[in-house]
Amino acid sequence: MNLVNLSLFALGLALFLYMTGIFVFGVTVMGKRWSKRDAATHEQRWGRRALRITITAFVLHVVYFILRWISAGHIPNSNMFEYLVMLSGLITIAFLILYAIYRTPVLGMFGLPVTVVILVYASVFPWESSPLIPQLQSNLLIIHVTTAALGEAFFAIGFAAGFIHLVRTVNYAGTAKIDRREQRGLELIFWVILVFVGFVLATFLFKGVGYQAEFNYPMEENGEVVTKQVAYTLPPVVGPHEYEKITMDSFLGTSEPWTEAPGWMKGINSASKLNTVIWSLLTGTVLYWLVRLVLRRRLGAVVQPATKDLDPELLDEISYRSIAIGFPIFTLGALIFAMIWAQIAWSRFWGWDPKEVWALITWLFYSYYLHIRLSKGWMGKPSSWLAVVGFIIVMFTLIGVNLIIAGLHAYAGV
Amino acid sequence: MIHNTKCECGHQNPVGTVLCESCGKPQQDEDSAELLEMRYDGVARRSQKQQKNWIDQIWSFLSSVKVAVWLILITLIGASLGTIYPQQNVFVGNIDLAQYYETQYGTLGKIYYMLGLHDTYGSFWFQGLLVLIGASLVVCSLDRVLPLYRALKKQQIRKHLSFIKRQKVSHETRLDLTDGETAEEWTEKFEQVLRKRYYRVHRDGTALLAEKYRFSRWGPYINHIGLIIFLLAVLLRSMTAWEVDYVPIQEGKIAQIPGTKYYLENQEFRVEYYEQDELTPEFREQGRTIEKSFETDAVLYECVDNCDNPSMEPELNKLKEQTIFVNGPLTYQGLSVFEVHFEETPQLLHVQAQLRMKGPDEVIGTLDLDIANPQDVYTVGDYTLRVIGYYPEVSFKEGRFVTLSNDPNAPAFVFLIEGPELPEDGYVHVYMVRPVDQAQFQQDVLNETAGSPFELSVASMEDLVISDYTTYFNVKQERTMPFIWTGATISMIGLILGFYWHHRRIWLRIDNGVLTIGAHTNKNWFGIRQELTNALNKAGVEVDAKTIANEVNGS
């Protein structure tokens with residue numbers, strides 16, 4: 001086995017252990033009521049087991065990182081797969097730090113799933129390490145990307161704690177207008193998480209059966225119309241605008257796309273991206289309703305009992321604390337180190353490139369969060385909603401900007 | 001209406017004071033049991049003045065955190081608009097933007113352009129928002145930092161009872177003193193416990209004030225000062241810095257950096273590509289080549305004489321020699337030269353042609369031709385060669401030579417050769433550098449027809465100097481970067497002080513055997529409750545973290 005495969009093996013094992021960790025943290029929190037033992041002893045015993053599993057998983061995660069660094073010859077954070085895998089590892093670090101401060105096992109039940117979802121999501125992108133173009137050959141690749149990601153990892157834990165806070169405090173029995181709105185908001189977040197999961201499931205399902213379709217489509221380039229080729233890995237619900245079929249495995253009895261993308265979508269491969277989005281939304285929605293129909297309750301209402309013993313004020317504080325720890329790190333990594341590098345490599349420290357702008361937007365949003373908490377009535381629920389929205393902005397900056405808006409950072413690859 | 005602002009402890013407070021500056025007694029809603037508003041320790045701020053003139057109005061507008069928060073939100077949304085479509089600064093050269101946005105993005109693009117969003121970040125409203133944020137940073141900080149400084153400077157040790165009881169962390173209990181211990185001795189014991197936890201303790205009999213990490217309160221203000229310096233430096237930079245983007249310089253050439261006294265020489269350019277097996281399968285499939293590195297050996301010169309005189313050669317003074325690569329610009333006293341891009345632009349620079357008589361005769365001499373700038377006359381051996389025709393990109397039209405451009409892409413020279421034993425008029429001899437042109441325009445036939453007994457040719461390819469690449473440079477002169485980095489550093493220091501330490505204060509007094517203790521922090525209540533619980537337990541008062549959380553307000 002070569003180094004790369006060995007590193008991926010370690011990573012797979014880490015993923016498995018993280019999932020086990022979530023389960024054991026779940027037993028720690030929810031098992032208190034089943035076991036005949038004293039609740040505190042139960043929590044202590046199972047909490048320690050869960051922590052041990054998580055740390056082992058993290059060590060394997062580090063093993064992956066080191067092996068891959070050695071085999072690639074540069075820090076493994078230069079394409080989407082490597083970056084997301086690193087981010088998920090840093091989220092584990094952020095989780096461990098906050099767990100060390102507050103010692104609440106429920107943080108594991110909600111924080112570790114963020115690690116897992118991101119790790120699983122990473123696996124959809126090409127696993128090969130890509131060669132570094134001259135622009136990326138700098139020690140700042142190590143410090144800028146790592147620090148920025150560490151800041152984001154703390155925001156992720158801030159999100160997880162804020163999310164539990166909401167699950168704990170939203171009144172699922174209430175029928176008042178405000179209660180309904182909050183219930184719907186929370187369900188929306190569950191749905192968004194399931195859309196991510198749905199995306200991964202659909203991708204692997206069709207990769208597993210080896211689904212393929214290829215099309216030619218016209219595209220305007222420097223004023224000339226050229227023919228481009230695109231390969232679909234998911235069955236084409238939407239084909240490219242004015243496509244011409246090359247091959248297509250039949251799907252549900254048809255061997256033609258059901259419809260084609262509208263003409264105003266002009267970006268390269270925009271139709272296949274749209275197709276992926278449609279598949280993710282579809283699978284996510286199906287998953288959501290499946291779970292909801294099986295359990296016959298809203299997802300928030302299912303999870304809520306697990307959080308009953310928690311102190312909402314403590315959750316609010318963990319969420320805030322995590323963001324407060326992450327904010328200076330994010331400022332340093334995503335703005336200051338970024339400016340230093342941009343000054344050296346691109347000859348300007350700031351250039352309003354979309355990725356830069358979104359890093360600034362993320363920063364402004366968390367500044368907003370920190371300032372508005374000073375006002376009366378903004379602690380607790382409103383603050384938690386902001387922590388959730390903040391992390392959505394972080395994810396958009398990381399992934400959405402690369403997928404939707406092209407810019408200088410596009411070469412970081414997807 | 002004139003308020004009496006004298007507190008019962010005898011301290012004269014300024015109008016607008018929430019908590020007495022001296023004893024901490026609430027000055028408003030005195031009898032309520034609600035938690036105290038401890039922000040800025042309840043001191044009066046300038047923005048809370050009763051009678052306001054227009055300066056005060058502006059001041060109190062800009063000093064409001066609510067306004068600041070709205071400014072942040074509006075800026076955030078405004079900034080996101082600029083990422084919907086590419087901004088005008090990504091386009092190189094002259095293109096019709098109105099046309100471009102409409103054809104590329106349809107009606108939405110047209111509206112986008114009409115709203116001026118193609119230049120979001122240069123627009124007056126966006127820059128205005130940044131200025132307002134800057135002003136708000138200054139005013140907010142000044143409005144709060146000075147009163148807060150005064151309040152923290154002159155804290156009284158014995159606080160009013162209602163001040164302590166209405167803290168978010170607060171506890172009241174009868175003190176069970178063991179055998180003969182006095183209340184004062186207990187307080188002293190408690191002082192020692194707190195000192196071990198790095199508190200600075202001030203004690204006045206049975207009253208105590210313990211405080212730590214006060215400096216963290218200055219974190220936000222230090223951060224704001226850093227941000228202000230940063231913004232001012234950006235402004236200063238936009239007024240003083242100049243830059244010249246995309247200066248192409250061919251390998252082997254010296255060129256003036258347009259509009260400046262500087263000249264740059266591209267001595268040699270090197271590029272290296274990744275091997276196929278180093279690429280990912282995806283890239284290999286697409287047949288892409290990816291550069292591993294590219295670098296330029298460059299020399300920076302300054303013009304010292306004849307700079308503006310086109311008829312004279314400028315006199316250059318060498319300043320610095322350096323290899324420039326993508327993450328390694330050349331820097332010289334605030335001037336930086338960045339390598340941004342390269343292009344393969346094969347072009348002939350020099351040729352060393354050998355002159356000889358036809359037949360097996362030996363070489364008469366070598367002619368060193370600078371292809372772009374040939375001399376008028378060359379001397380080779382006993383012969384003089386006068387350049388009577390020069391066609392940088394030679395072509396043949398209507399029976400005569402013409403040139404298609406001024407770029408030496410297909411250079412051709414017509415010489416008049418004079419010398420010993422030659423007719424008085426000399427011979428006309430055509431020389432084309434590229435073998436392709438020699439064949440296409442039948443150089444040898446032409447020379448034969450003209451009767452030239454000479455032959456002019458290169459001995460080998462090594463006698464041709466070819467420039468393969470052009471490097472594109474960005475050149476910048478900016479002396480304000482140190483201020484920008486200073487601002488960023490100060491900001492970071494402020495953030496670290498403010499977020500990684502927490503200001504904690506504990507007040508305690510014992511009245512007739514009843515212990516009243518209260519604590520305040522600006523962040524991390526969980527931590528201070530834990531700390532106070534441990535300290536009290538150590539001093540023999542049994543409490544847990546839950547009991548000392550003040551539940552008056554239900555929170």
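In the text below, chain A, chain B and the rest are named by the order of the sequence lines, each starting its count at 1.
Checked by atom type, the side-chain pair A/W341/B/N327 shows a donor-acceptor distance below 3.5 Å.
Closest approach of A/Y368 to B/V69, counting heavy atoms only: CE1-CG1, 3.1 Å. Counting all heavy atoms, side chain and backbone alike, B/V65 lies closest to A/H371 at CG1-O, 4.0 Å. The minimum heavy-atom distance between B/F499 and A/P328, with the atom names listed, is CD1-CG, 3.6 Å.
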Item to check | side chain to side chain donor-acceptor pair (under 3.5 Å) between B/E291 and A/Q135, intermediate numbers included | outcome: CA-CA 10 Å; B/E291 299 101 53; A/Q135 279 82 348; 6.0 Å; no

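Partners of A/Y232 according to the ring pair (Phe, Tyr, Trp, His ring centres under 6.0 Å) rule, which considers only residues two or more places apart in sequence or in another chain, are A/F215. In this structure B/D119 satisfies the salt bridge (charged side-chain N to carboxylate O under 4.0 Å, His left out) test with no other residue, sequence neighbours excluded.
For B/V475, no part lies near chain A; criterion is any non-hydrogen pair under 4.5 Å. Residue B/F230 touches chain A through its side chain alone, counting heavy-atom pairs closer than 4.5 Å. Of the two parts of A/I329, the backbone and the side chain both hold a non-hydrogen atom closer than 4.5 Å to a non-hydrogen atom of chain B. Interface residue B/I290: only side-chain heavy atoms are found under 4.5 Å from chain A.
Ranked by heavy-atom pairs under 4.5 Å with chain A, the first of B/K292, B/E478, B/E243, B/E278 is B/K292.
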